[in-house]
Trainee: 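Okay, here's the structure, questions in a sec.
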Amino acid sequence: MRKKLLVVFGFLFLFNACQNDKLIKRGDTVDVAYEKAMALYEEEDFSEAADAFNTVTRIGRGTNYGQEAQYYLAESYYNGRRYLLAASEYDRFVSLYPQDPRRQDAEFKAAMSYYHQSPRYKLDQTSTRRAIERFQLFNNRFPDSELVTEAAERIDELRNKLARKSYEAAQFYVRTGRYRAANIYFDKTIDQYPETEWAERSLVDQIQTYITYADNSITARQAERYSNAIEAYEKFLQLFPDSEYRSEVENLHDEAQRKLANVPPAMEGSENSQS
């Protein structure tokens with residue numbers, strides 16, 4: 001038993017010694033430090049590689065090693081899925097070495113870093129908006145890049161997420177009977193994200209919401225709200241003439257017209273009511 005323990009301890013000692021040899025030590029020259037950092041990177045030990053490249057950026061400032069280390073520091077964070085740090089280090093690389101041929105790659109991956117931080121639509125979308133800004137900036141700076149198409153696709157995907165968040169907010173207000181607030185968010189979805197599927201669905205639901213709003217309003221406000229439903233229908237036809245929802249909105253339009261025709265004339269003085 002004792003002999004087996006000695007063997008195990010001996011193995012652990014050798015393993016730790018080998019591991020320590022891979023790490024940068026005080027007194028290592030910048031080229032040796034860089035080689036150790038790159039070895040860790042190639043072994044896909046991205047956490048240790050990031051620490052090593054960070055050291056090289058400090059001791060190799062002003063040298064080619066420092067420049068290379070700055071790029072691979074960002075790469076290490078990116079491949080290790082530490083995206084907030086990756087974005088920061090890509091930006092630092094571009095700031096320090098704007099003429100480096102890898103600048104385009106660095107700027108695209110900085111945008112991708114924010115993209116990877118974009119959460120589910122229900123959560124705060126600060127990173128989503130930041131990613132959109134960075135992809136748009138990339139396409140403006142590098143219009144001839146082969147990555148432009150991918151950047152545009154990412155923008156569409158992220159905008160669709162923002163549109164859904166806005167649409168779901170409108171639906172929440174519908175469910176809680178706050179129709180005025182619901183229509184504000186339907187309008188936001190339609191106006192800000194007209195190219196998305198949620199804009200089309202928002203117009204359909206807005207027509208229904210105006211009808212429901214009118215149904216639950218005092219007589220003096222009903223005509224206005226049924227008319228709003230009809231206006232939303234006309235807007236729908238302009239924006240989505242070939243929509244799969246065409247039959248549904250036609251039925252809603254007929255309902256709004258029928259109910260509008262049956263609204264009794266408003267009594268004098270009742271137009272100031274806000275119900």
Side-chain angles (χ1 to χ4, degrees), residues 46-47 50 70-71 73-95 98 102-176 178 180-206 209 235-236 239-240 243-245:
F46 298 120
S47 179
Q70 180 60 52
Y71 177 77
L73 173 58
E75 289 280 277
S76 296
Y77 283 138
Y78 186 84
N79 289 317
R81 299 184 181 183
R82 299 164 72 180
Y83 295 117
L84 187 61
L85 290 171
S88 177
E89 295 305 333
Y90 281 126
D91 286 344
R92 191 189 308 275
F93 175 78
V94 170
S95 176
R102 292 167 295 187
R103 175 177 180 173
Q104 183 180 133
D105 176 71
E107 293 210 31
F108 184 80
K109 284 183 177 174
M112 284 297 297
S113 295
Y114 288 107
Y115 169 83
H116 286 303
Q117 292 179 82
S118 176
R120 295 167 53 228
Y121 75 89
K122 292 182 180 181
L123 303 178
D124 178 77
Q125 295 299 311
T126 299
S127 292
T128 302
R129 293 184 178 87
R130 185 61 173 153
I132 291 171
E133 291 172 1
R134 294 302 296 265
F135 281 125
Q136 289 174 334
L137 182 61
F138 177 87
N139 282 355
N140 290 337
R141 285 179 173 170
F142 308 103
D144 299 323
S145 171
E146 60 183 16
L147 295 171
V148 164
T149 299
E150 182 178 351
E153 290 172 352
R154 301 291 186 185
I155 290 171
D156 289 344
E157 177 186 348
L158 295 168
R159 282 179 54 79
N160 198 63
K161 183 185 292 187
L162 295 179
R164 183 177 182 184
K165 184 176 180 66
S166 179
Y167 172 81
E168 295 293 350
Q171 287 293 347
F172 168 77
Y173 286 120
V174 170
R175 290 193 299 271
T176 55
R178 288 177 280 181
R180 184 177 300 177
N183 282 313
I184 289 173
Y185 276 92
F186 281 135
D187 281 335
K188 176 183 175 181
T189 309
I190 296 160
D191 295 340
Q192 294 187 10
Y193 312 105
E195 79 285 2
T196 69
E197 61 181 293
W198 303 105
E200 183 177 4
R201 189 65 239 182
S202 286
L203 259 173
V204 177
D205 292 350
Q206 187 174 55
T209 299
K235 185 175 184 178
F236 181 90
L239 295 178
F240 308 107
S243 172
E244 62 180 293
Y245 302 117

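Quick note: residue numbers are just sequence positions, from 1.
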Trainee: Of all the heavy-atom pairs spanning A86 and A74, show the shortest one and how long it is.
Mentor: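 Smallest heavy-atom distance, with atoms named: CB-O, 3.9 Å.
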
Trainee: In Å and rounded to the nearest 0.5 Å, what is the CG to CZ distance from D144 to F142?
Mentor: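 Between atom CG of D144 and atom CZ of F142 there are 11.0 Å.
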
Trainee: With a 4.5 Å cut-off on side-chain heavy atoms, are R178 and F172 touching?
Mentor: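 Yes - at least one pair of side-chain heavy atoms lies under 4.5 Å apart.
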
Trainee: Quick check for you: to the nearest 0.5 Å, what is the distance between Y185 atom OH and Q206 atom CD?
Mentor: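 Going from OH on Y185 over to CD on Q206, the span is 14.5 Å.
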
Trainee: Would you name the heavy atoms of A131 and A111 that are closest together and state the gap between them?
Mentor: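 Here A131 and A111 meet closest at CB-O, 4.1 Å.
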
Trainee: With no hydrogens and no angle check, is any side-chain donor or acceptor of Q104 less than 3.5 Å from a backbone partner on S145?
Mentor: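 Side chain of Q104 to backbone of S145, a donor-acceptor pair under 3.5 Å: no, none is there.
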
Trainee: Verify the ring-centre separation between F135 and F108: is it less than 6.0 angstrom?
Mentor: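 Yes - the distance between ring centres of F108 and F135 falls below the 6.0 Å cut-off.
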
Trainee: Would R141 and E107 pass as an ion pair if we require N to O under 4.0 Å?
Mentor: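 Salt bridge between R141 and E107, a charged N being under 4.0 Å from a carboxylate O: yes.
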
Trainee: Could you check if a side-chain atom of R159 sits within less than 4.5 angstrom of a side-chain atom of E195, using non-hydrogen atoms only?
Mentor: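 In contact.
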
Trainee: Does some side-chain heavy atom of L162 sit less than 4.5 Å from a side-chain heavy atom of Y193?
Mentor: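 Y193 vs L162: side chains touch.
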
Trainee: Do K165 and E168 pass the salt bridge (Lys or Arg N to Asp or Glu O under 4.0 Å) test, and can you show the C-alpha distance, the side-chain angles, and the key distance before you say yes or no?
Mentor: CA-CA 5 Å; K165 184 176 180 66; E168 295 293 350; over 6 Å; no

Trainee: Is the closest side-chain heavy-atom distance between I190 and L239 below 4.5 Å?
Mentor: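 Sidechains of L239 and I190: in contact.
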
Trainee: Check whether any side-chain heavy atom of D91 lies under 4.5 Å from a side-chain heavy atom of R134, and answer yes or no.
Mentor: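 Yes, close enough: below the 4.5 Å cut-off.
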
Trainee: Evaluate R154 against Y115 for side-chain hydrogen bond (donor to acceptor under 3.5 Å, both in side chains), listing each step before the verdict.
Mentor: CA-CA 8 Å; R154 301 291 186 185; Y115 169 83; 2.9 Å; yes

Trainee: Is it true that D156 and K161 make a salt bridge, defined as a side-chain N closer than 4.0 Å to a carboxylate O?
Mentor: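 Result for this pair is no, no salt bridge flagged.
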
Trainee: Nearest 0.5 Å, what's the CD-OG distance between Q171 and S166?
Mentor: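 Nearest 0.5 Å value for the CD-OG distance: 11.0 Å.
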
Trainee: Measure the spacing between CG of L85 and OG of S113 and express it to the nearest 0.5 Å.
Mentor: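 With rounding to 0.5 Å, CG (L85) is 9.5 Å from OG (S113).
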
Trainee: Give a yes or no answer on whether the side chain of S243 reaches the backbone of F240 with a donor-acceptor pair at less than 3.5 Å.
Mentor: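 It does not hold such a pair.
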
Trainee: How many angstroms lie between atom CD of E157 and atom OG1 of T196, to the nearest 0.5 angstrom?
Mentor: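 Between E157 CD and T196 OG1, I get 13.5 Å after rounding to 0.5 Å.
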
Trainee: Check whether any side-chain heavy atom of T128 sits under 4.5 Å from a side-chain heavy atom of P119, and report yes or no.
Mentor: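 Result yes, sub-4.5 Å side-chain heavy-atom pair found.
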
Trainee: Please evaluate residues L203 and T189 with respect to the criterion side chain to side chain contact (heavy atoms under 4.5 Å, CB included), reporting the C-alpha separation (whole Å), side-chain torsions for both, the decisive distance (0.1 Å), and the verdict.
Mentor: CA-CA 9 Å; L203 259 173; T189 309; over 6 Å; no

Trainee: Validate the cation-pi geometry between R201 and Y167: distance from NZ or CZ to the six-membered ring centre under 6.0 Å, angle to the ring axis within 45°.
Mentor: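 Relative to the ring axis of Y167, which defines the angle, R201 lies outside at least one limit.
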
Trainee: Are the side chains of D205 and F186 in touch, meaning some heavy atoms are under 4.5 Å apart?
Mentor: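 Of all side-chain heavy-atom pairs linking F186 with D205, at least one is under 4.5 Å.
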
Trainee: Is R130 salt-bridged to E133, cutoff N-O under 4.0 Å?
Mentor: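 Counted as a salt bridge, because a side-chain N and a carboxylate O are separated by less than 4.0 Å.
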
Trainee: Salt-bridged, E197 to R164, with N to O below 4.0 Å?
Mentor: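 Looking at E197 and R164, the cut-off is not met.
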
Trainee: Are Y83 and Y78 an aromatic pair by the rule of ring centers under 6.0 Å?
Mentor: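 Centroid separation for Y83 and Y78: below 6.0 Å.
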
Trainee: Got a second to check how far R102's CZ is from D105's CG, nearest 0.5 Å?
Mentor: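 The CG atom of D105 is 9.0 Å from CZ of R102, to the nearest 0.5 Å.
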
